[in-house]
Amino acid sequence: MNYYELSILKSPLQNLTYQSIEKLEIGTKVLVKLARIKKNQEAVIIKEVAKPEFICSDILEVSSSFYSKNMLEIASFISKYYVCSLGEALGLFQSFDKNIEQSDINIDFSSEILLSEFQNEAKEFLDREKQALLFAATGAGKTEIYIKTIEEILKQNSQAVFLMPEISLTPQMQKRLEKVFGKSLAIWHSKVSSKKRKDILEKLQKGEIKLIAGARSALFLPFSNLKLIIVDEEHDDSYKSDSKPRYNAKDLSIYIAKKYDLRLILGSATPSINSYKNMPKFVLDRTFFETKESYIFEHSSQNISANTYNKIKECLENNHQVIVFLPTRANFKYQICFDCGKSVECPYCSVSMSLHKNDLALKCHYCGFAQRIPDFCPSCKTGAISNNRVGTAQIEEELKELFPQNIIQRFDRDEIKSEKRLKEILNDFNSCKIDILVGTQMLSKGHDYHNVKLAVVIGIDSLLNMNSYKARQMALSMLLQISGRSGRSGFGEVLIETKNEDFFKHYLENSSYLEFLEDEMEFRKELYPPFVKLARVVFSHTNGLKVQEEMSDFVKLFKSIKDIEVVGFGECAIFKISNKYRYEIVLRSSNTKALLQALHSIKSPNAMIDMDTIY
């Protein structure tokens with residue numbers, strides 16, 4: 001009899017020991033039975049062990065799927081660093097199939113891209129450094145450098161993965177990659193059907209697909225000869241998973257590239273401070289098209305002012321297009337009572353409900369609860385409800401009233417629920433069938449709008465005033481990304497409605513994002529990443545007193561540990577979600593090992609641990 005330590009896939013359980021008459025390979029996926037669970041569970045063989053003193057259950061079935069040595073090593077790192085079980089970490093990966101044979105398929109690619117002298121200089125730097133940051137201004141042509149590098153790697157019969165934030169996986173980018181790499185390319189993201197996924201995985205293993213362009217999950221596919229990772233828009237917080245394991249795909253890409261000596265390019269017009277401080281970098285600040293942006297500041301923060309109206313009108317009269325950005329979807333973010341001043345809160349979460357006029361409902365963007373729009377305030381029963389912090393649907397409505405002759409379209413998650421709809425709207429906008437596009441941050445991601453001469457930014461102050469050490473960077477970065485959509489070829493104007501003109505004006509007109517990064521480094525020294533590690537522990541339960549006591553016990557424990565500082569603790573900013581009360585502890589340390597040891601000591605089922613928290 002042979003005995004093996006197994007990791008139960010996607011389970012928080014620690015490794016368990018099972019027996020098998022067969023001699024099995026490490027990494028093989030098998031089926032096993034768990035006590036009190038009817039359905040058989042998938043598990044992965046981690047190592048062979050000596051016969052234990054206790055009686056073991058049998059391995060029920062051996063599959064043709066397996067996880068490579070590299071996958072097991074990376075999963076082990078994820079489980080240790082992001083504080084989860086090995087089974088949860090392995091659950092991120094798509095396994096190999098022993099029945100699929102790899103064949104050498106050499107395909108000749110020709111991008112026919114001629115890089116400029118400065119782009120060539122950037123590429124030579126990236127080739128030389130192996131793992132580096134491409135700090136490229138919007139419109140500087142970083143995509144051409146990416147494509148040239150991918151082409152060289154694929155010609156060596158190797159594989160590449162091109163990571164983008166999910167909302168950057170645009171039809172435009174897909175077309176550019178398909179034009180060069182044809183059927184050697186596959187797109188991978190959450191909306192790809194299971195049938196299509198199966199086809200991609202098979203072709204990737206056979207060697208027919210050599211380039212995967214996708215969201216963060218593309219990093220976990222069965223690559224047999226991966227030589228290049230590109231992380232575009234590397235500053236984007238959507239690379240950080242908001243569910244367990246709470247890994248950061250950008251940081252993980254750096255770890256994988258260094259561990260296995262792979263090429264790595266991080267690219268952004270507004271790079272994160274971590275990458276700016278820690279990676280070799282090349283600044284590509286000469287734009288591909290001759291562009292000039294003019295900034296106009298309006299001392300308002302959430303409506304279409306008279307000046308904004310006139311600017312939009314002037315732009316439309318000159319047959320140009322306009323984009324309007326807001327950080328909030330729906331009609332209004334907060335419903336406030338005129339009499340008592342209270343907001344209309346979700347009954348299950350301590351957050352304000354958002355108004356969705358077309359659905360005649362208030363909706364919670366956290367748990368999905370919806371209710372009819374109340375006639376009067378639910379708290380005082382008499383007051384009338386007013387709307388605060390405007391959203392995309394409301395601005396779309398106002399613009400349609402102000403410009404009835406023009407075509408106005410919304411571009412947010414409420415409107416775009418499929419890839420087909422995304423393509424339709426972008427094609428219509430690029431064909432000038434839409435005059436004004438109103439949207440959330442989706443607008444800022446990798447779209448080339450050559451006829452846009454005005455970008456209007458409303459509500460940027462709500463980003464700047466967020467309760468996060470990254471608020472300044474997030475607000476300025478978002479503003480620069482949106483600004484880059486105006487005047488892609490030629491002159492463009494950016495109208496910013498803000499009550500924080502001095503802050504934005506200083507970095508947009510008088511200095512640069514480079515100077516902001518240097519200033520921000522001074523501000524963060526000894527307090528925030530990249531100089532220290534931050535972790536957040538959230539305790540949640542339907543019994544609020546229970547988790548409050550649990551949090552207090554851990555606060556006492558953490559305060560007694562050397563090299564760890566309790567930055568803060570108490571109720572979460574959103575105190576209740578889905579009827580569960582939430583308390584948090586924020587920890588800081590310059591000693592990663594000590595911090596991880598403290599986090600691994602938390603065994604409570606009510607605790608959510610977020611290493612390298614971005615909040």
Side-chain angles (χ1 to χ4, degrees), residues 12 79-85 88 237 240-248 251 273-274 343 345-346 348-352 364 366-367 462-474 520 523-615:
S79 78
K80 286 169 187 166
Y81 188 80
Y82 292 106
V83 194
C84 64
S85 73
E88 287 168 325
D237 283 339
K240 174 82 164 141
S241 169
D242 56 6
S243 60
K244 202 174 180 183
R246 288 178 170 77
Y247 69 94
N248 187 314
D251 294 343
I273 289 176
N274 290 36
S343 63
E345 281 197 352
C346 168
Y348 304 105
C349 311
S350 53
V351 291
S352 297
C364 174
Y366 285 84
C367 73
S462 65
L463 284 180
L464 189 62
N465 296 323
M466 277 175 65
N467 185 24
S468 168
Y469 73 92
K470 293 178 76 173
R472 285 156 43 105
Q473 184 186 343
M474 285 160 74
E520 191 73 356
F523 162 71
R524 291 194 191 181
K525 245 175 202 170
E526 294 172 22
L527 292 171
Y528 301 109
F531 301 96
V532 293
K533 293 282 183 184
L534 280 184
R536 181 171 176 246
V537 186
V538 174
F539 298 89
S540 65
H541 197 271
T542 49
N543 184 334
L545 283 173
K546 180 182 176 179
V547 279
Q548 187 179 19
E549 283 172 17
E550 208 170 357
M551 174 203 70
S552 300
D553 290 341
F554 276 105
V555 167
K556 283 176 200 163
L557 172 67
F558 293 146
K559 281 185 173 178
S560 70
I561 300 173
K562 192 188 168 196
D563 290 337
I564 289 181
E565 180 189 352
V566 176
V567 180
F569 61 92
E571 294 180 5
C572 291
I574 300 170
F575 182 41
K576 192 169 71 164
I577 292 181
S578 299
N579 239 13
K580 287 185 176 180
Y581 297 91
R582 306 164 77 241
Y583 290 86
E584 69 180 356
I585 306 171
V586 178
L587 302 172
R588 173 164 54 207
S589 180
S590 54
N591 184 332
T592 307
K593 191 177 176 183
L595 182 56
L596 286 173
Q597 278 177 344
L599 295 173
H600 277 282
S601 73
I602 303 168
K603 302 300 179 190
S604 168
N606 304 318
M608 179 283 287
I609 298 164
D610 187 13
M611 179 63 175
D612 290 341
T613 183
I614 58 175
Y615 299 106

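The structure displayed is predicted, hence computed values, not measured ones.
For the atom pair OH of Tyr581 and CE of Met551, the computed distance is 15.5 Å after rounding to the nearest 0.5 Å. Within the model, atoms OH of Tyr81 and CG of Leu599 stand 10.0 Å from one another, a figure rounded to the nearest 0.5 Å. Here Asp237 contributes atom CG and Gln473 contributes atom CD; the two are 8.0 Å apart, rounded to the nearest 0.5 Å. In this structure, OG1 on Thr592 lies 5.5 Å from CE on Met611, to the nearest 0.5 angstrom. Distance check: Ile561 CD1 to Leu587 CG gives 8.5 Å after rounding to the nearest 0.5 Å. Here the NZ atom belonging to Lys562 is positioned 12.0 Å from the CD1 atom belonging to Ile564, to the nearest 0.5 angstrom.
Checked by atom type and distance alone, the side chain of Lys533 never pairs as donor or acceptor with a backbone atom of Pro530 at under 3.5 Å.
A distance below 6.0 Å separates the ring centres of Phe554 and Phe539.
Contact record, His600 with Lys603: O-NZ, 3.0 Å, taken as the closest heavy-atom pair. The two residues Ser590 and Val532 make their nearest non-hydrogen contact at CB-CG1, 4.3 Å. Of all the heavy atoms in Arg588 and Glu526, the pair that sits closest is CD-O, 4.5 Å. Residues Ser540 and Val547 come closest through the heavy atom pair C-CG1, 3.7 Å.
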- request: Check the pair Val538, Cys572 against side chain to side chain contact (heavy atoms under 4.5 Å, CB included), reporting the backbone distance first and the verdict last.
  value: CA-CA 8 Å; Val538 174; Cys572 291; 3.9 Å; yes
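Contact annotation: the side chain of Tyr469 approaches that of Pro529 to within less than 4.5 Å [non-hydrogen atoms, C-beta and beyond]. Taking 4.5 Å as the limit, some side-chain heavy atom of Glu88 sits within range of a side-chain heavy atom of Pro12. Side-chain atoms of Lys244 and Val83, non-hydrogen and from C-beta on, never get closer than 4.5 Å to each other. Side-chain contact between Phe531 and Lys525 is present, with heavy atoms from C-beta onward closer than 4.5 Å. Between Arg536 and Arg246 there is no side-chain heavy-atom pair separated by less than 4.5 Å. You'll find the side chain of Val567 stays beyond 4.5 Å of the side chain of Tyr528, heavy atoms only. Inter-residue side-chain proximity for Asn606 and Lys546 is flagged as met; some heavy-atom pair is nearer than 4.5 Å.
In the displayed structure, Lys470 atom NZ is contacted under 6.0 Å by more than 12 heavy atoms of other residues, nucleotides or ligands. Counting non-hydrogen atoms of neighbouring residues, nucleotides and ligands closer than 6.0 angstrom, the CZ atom of Phe569 reaches no more than 12 such neighbours.
A salt bridge links Lys240 to Asp610: at least one charged side-chain nitrogen sits closer than 4.0 Å to a carboxylate oxygen.
Remark: of the listed residues Asn274, Leu534, Asp251, Asn248, Asp251 is the sole one forming a side-chain contact (heavy atoms from CB on, under 4.5 Å) with Asp612.
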